[in-house]
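No hydrogens, no waters, no symmetry mates; every other heavy atom, side chains included, goes into these values. Predicted model only: the values in this text are computed from it and were never measured. The sequence lines fix the lettering, A, B, ..., with proteins before strands; numbering per chain opens at 1.
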There are 2 protein chains.
Amino acid sequence: MQLSEAKQQFISAWGGFGSNWGINRTMAQIHALLLISPSPISAETVMAELNISRGNANMNLRELINWGLVERVMLMGERREFFSAEKDIWTVARTIVKERKRRELEPMLKLLDTLAVVESGENPADEKAFVDTIANIKKFSQHANSSLDTLIKADEHWFFSTLLKLLK
Amino acid sequence: MQLSEAKQQFISAWGGFGSNWGINRTMAQIHALLLISPSPISAETVMAELNISRGNANMNLRELINWGLVERVMLMGERREFFSAEKDIWTVARTIVKERKRRELEPMLKLLDTLAVVESGENPADEKAFVDTIANIKKFSQHANSSLDTLIKADEHWFFSTLLKLLK
DNA sequence: TTAAACTTTCAAAATATATTGAAATAAAAA
DNA sequence: TTTTTATTTCAATATATTTTGAAAGTTTAA
């Protein structure tokens with residue numbers, strides 16, 4: 001396969017992958033493009049490679065920076081900004097886990113706490129099902145939360161090798 | 001807090017949670033409604049509780065059944081169908097992991113295999129960055145794939161207690 | 001300064017996704 | 001059978017999200 005074709009396929013697959021995970025297609029495609037670029041690239045290049053507008057490129061690059069997946073790079077002698085992505089996928093994964101934990105899991109835990117205290121009313125069966133479900137989800141989320149905390153801190157080699165040994 | 005208000009908040013939060021994960025809001029809300037129902041409920045009830053149309057209810061219930069999260073239940077003496085959701089969140093999580101692995105991770109692994117073989121061309125730096133990235137993602141995905149396989153088979157108590165002991 | 005190069009913003013337009021509701025289909029009862 | 005009840009489908013509509021591009025804002029150099 002030609003490199004250019006392989007690149008195209010990868011960018012497209014990574015975009016599709018992203019949209020399954022609540023990340024917009026273009027943002028994931030820009031990320032893919034940066035992942036396979038040996039050196040930082042400019043907004044112009046992103047626009048040209050993906051055929052998108054300046055505004056779109058700017059907005060999604062900013063969002064990638066917010067997520068901590070991409071950083072601005074100033075190249076010597078160059079006036080404009082360049083962008084570069086973290087290449088190590090384990091680091092990428094940890095960054096994403098960390099962000100999603102903060103944005104989603106933690107608010108959910110907070111909500112579950114407030115929902116756990118329900119006034120006793122006329123409908124004991126409904127009440128029991130509700131309280132039980134909330135308690136169940138809460139317990140699970142707390143487990144997940146602390147597991148993810150450790151995963152974030154862990155080193156890839158240690159984590160996977162120990163986990164796999166354990167799970168085999 | 002009143003039960004009815006707590007229910008509303010939970011359904012709404014679960015819906016929001018879902019849309020962050022590529023699952024449509026209504027589908028997640030129906031799932032939430034079923035999670036907190038002590039007994040199976042009819043499509044009519046789903047429509048009334050969530051204020052959605054018959055077609056919408058039907059379509060999303062079917063999708064939940066496809067995911068293996070909800071099942072049809074025939075109640076004695078009742079003509080219409082009722083629906084009921086798996087209540088144990090650990091089981092729910094495993095079901096989702098299993099489905100997403102099949103739908104997303106496995107196709108990605110297949111693609112990475114085909115992308116690994118790139119013809120040697122005029123651009124060695126681009127080529128190296130590409131091949132390295134693909135290899136890196138592939139290795140990571142394979143690890144994730146086998147870890148998830150085992151997680152799917154594991155029992156909650158064993159999994160969390162062993163994992164936590166390990167990670168602490 | 002002023003001009004040029006570059007970045008950001010945001011309302012409008014385009015696109016994608018979800019929802020409705022009425023008609024078609026299917027299944028059970030009379 | 002025919003009638004009644006329930007389910008499914010799907011084109012049309014509504015809603016939400018993404019994208020554009022031109023104008024405004026910034027920064028650097030002349």
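Ranking C:dT20, C:dT7, D:dA6 by closeness to the B:Ser53 side chain, first place goes to C:dT20. When distances are taken from the side chain of A:Asn58 to each of C:dA29, C:dT8, C:dT20, the shortest belongs to C:dT8.
For A:Arg72 and C:dT8, the shortest distance from a side-chain N or O to OP1 or OP2 is below 4.0 Å. Between A:Asn56 and D:dT18, a side-chain N or O to OP1/OP2 separation shorter than 4.0 Å is absent.
Between B:Glu44 and B:Arg54, at least one side-chain N (NZ, or NE/NH1/NH2) sits under 4.0 Å from a carboxylate O, which counts as a salt bridge. B:Lys138 and B:Asp113 are joined by a salt bridge, as a carboxylate oxygen and a charged side-chain nitrogen come within less than 4.0 angstrom of each other. A salt bridge links A:Lys101 with A:Asp149: the distance from a Lys NZ or Arg NE/NH1/NH2 to an Asp or Glu carboxylate oxygen falls below 4.0 Å.
The CG-P distance, from A:Leu61 to D:dT19, rounds to 13 Å in whole Å. Regarding A:Glu78, its CD atom lies at a distance of 14 Å from the P atom of D:dT28, rounded to whole Å. Here C:dT8 presents its C1' atom at 12 Å from CD1 of A:Ile65, a figure rounded to the nearest Å. Atom pair B:Arg79:CZ and D:dT7:P shows a separation of 9 Å (rounding to whole Å applied). In this entry the distance linking CE of B:Met59 with P of C:dT17 reads 12 Å, nearest Å. Atom CG in B:Asn60 sits about 16 Å away from atom P in D:dT7, given to the nearest Å. Distance CE (B:Met74) to P (C:dA27): 11 Å, rounded to an integer number of Å. Summarising the geometry, the separation between CG on A:Leu75 and P on D:dT28 is reported as 15 Å, rounded to the nearest angstrom.
DNA chain C is contacted by both A:Arg54 and B:Ile52; A:Arg54 maps to the nucleotide lying nearer its 5′ end (nearest heavy atom per residue).
If you check residues 17-51 of chain B against DNA chain D, you find no residue with a heavy atom closer than 4.0 Å.
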Could you check B:Glu106 against B:Arg102 for salt bridge (Lys or Arg N to Asp or Glu O under 4.0 Å), going step by step and ending with a plain yes or no?
CA-CA 6 Å; B:Glu106 280 160 15; B:Arg102 189 177 64 75; over 6 Å; no
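To the nearest 0.5 Å, atoms CZ (B:Arg100) and CH2 (B:Trp21) are separated by 7.5 Å. Atom CD1 of A:Ile30 and atom CG of A:Asn24 lie 8.0 Å apart (nearest 0.5 Å).
With a 4.5 Å cut-off on side-chain heavy atoms, A:Phe83 and A:Glu71 do not count as touching.
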